[in-house]
Amino acid sequence: MLKSYKTELNPTQEQMQIIHKTIGTCRFVYNFYLAYNKQRYEKERAFVSGINFSKWLNQVYVRENPKYTWIKEVSSKSVKQSILNADRAFQRFF
């Protein structure tokens with residue numbers, strides 16, 4: 001016998017903002033990782049792993065480009081997971 005539970009979420013307006021910001025940031029980082037690796041592969045025939053990209057993004061890129069500090073405003077775990085998801089997708093493609 002299978003059981004299921006139906007759950008309804010009613011986030012506040014502030015929580016909705018956080019959810020939308022997190023989803024948008026993760027989408028941006030996912031696409032940025034794919035574009036960065038595609039560009040690097042075309043130039044050098046080499047890839048950057050998801051872990052190394054995450055380190056570079058947080059330690060170098062965001063510091064050198066202050067207009068992208070909004071990436072750090074959401075949960076780092078969700079950003080890291082979107083990079084790892086993109087890494088898996090990229091590895092399947094190549």
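Hydrogens, waters and symmetry mates are skipped; everything else that's a heavy atom, side chains included, is used.
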Check residues 51-65 and write down every donor-acceptor pair under 3.5 Å in which the side-chain atom is one partner and the other belongs to a residue at least two apart or another chain.
unit_1	atom_1	unit_2	atom_2	d
N52	ND2	S49	OG	3.2
N58	ND2	S54	O	3.1
N65	ND2	Y61	O	3.0

Transitive ILVMFWY side-chain link L34 to V48, under 4.5 Å: yes
Neighbour count above 12 (heavy atom, 6.0 Å) for E14 CD: no
Aromatic ring pairing F32/Y36, orientation class (parallel under 30°, perpendicular over 60°, tilted between): tilted
Under 3.5 Å side-chain donor-acceptor pair for N85 and R88: yes
Joint cluster assignment, V29 & F47, ILVMFWY side-chain distance < 4.5 Å: yes
Within 6.0 Å of CZ in R40, more than 12 heavy atoms from elsewhere: yes
Between N37 and Y33: side-chain donor-acceptor atoms closer than 3.5 Å: yes
Main-chain N/O of I83 paired with D87 side-chain donor or acceptor, under 3.5 Å: no
Anything under 3.5 Å between a donor and an acceptor, one on a side chain of residues 15-26, the other on a protein residue two or more places apart or in another chain? List them.
unit_1	atom_1	unit_2	atom_2	d
Q15	OE1	T12	N	2.8
Q15	OE1	T12	OG1	3.4
K21	NZ	E73	OE1	3.1
T22	OG1	I18	O	2.8
T25	OG1	K21	O	2.8

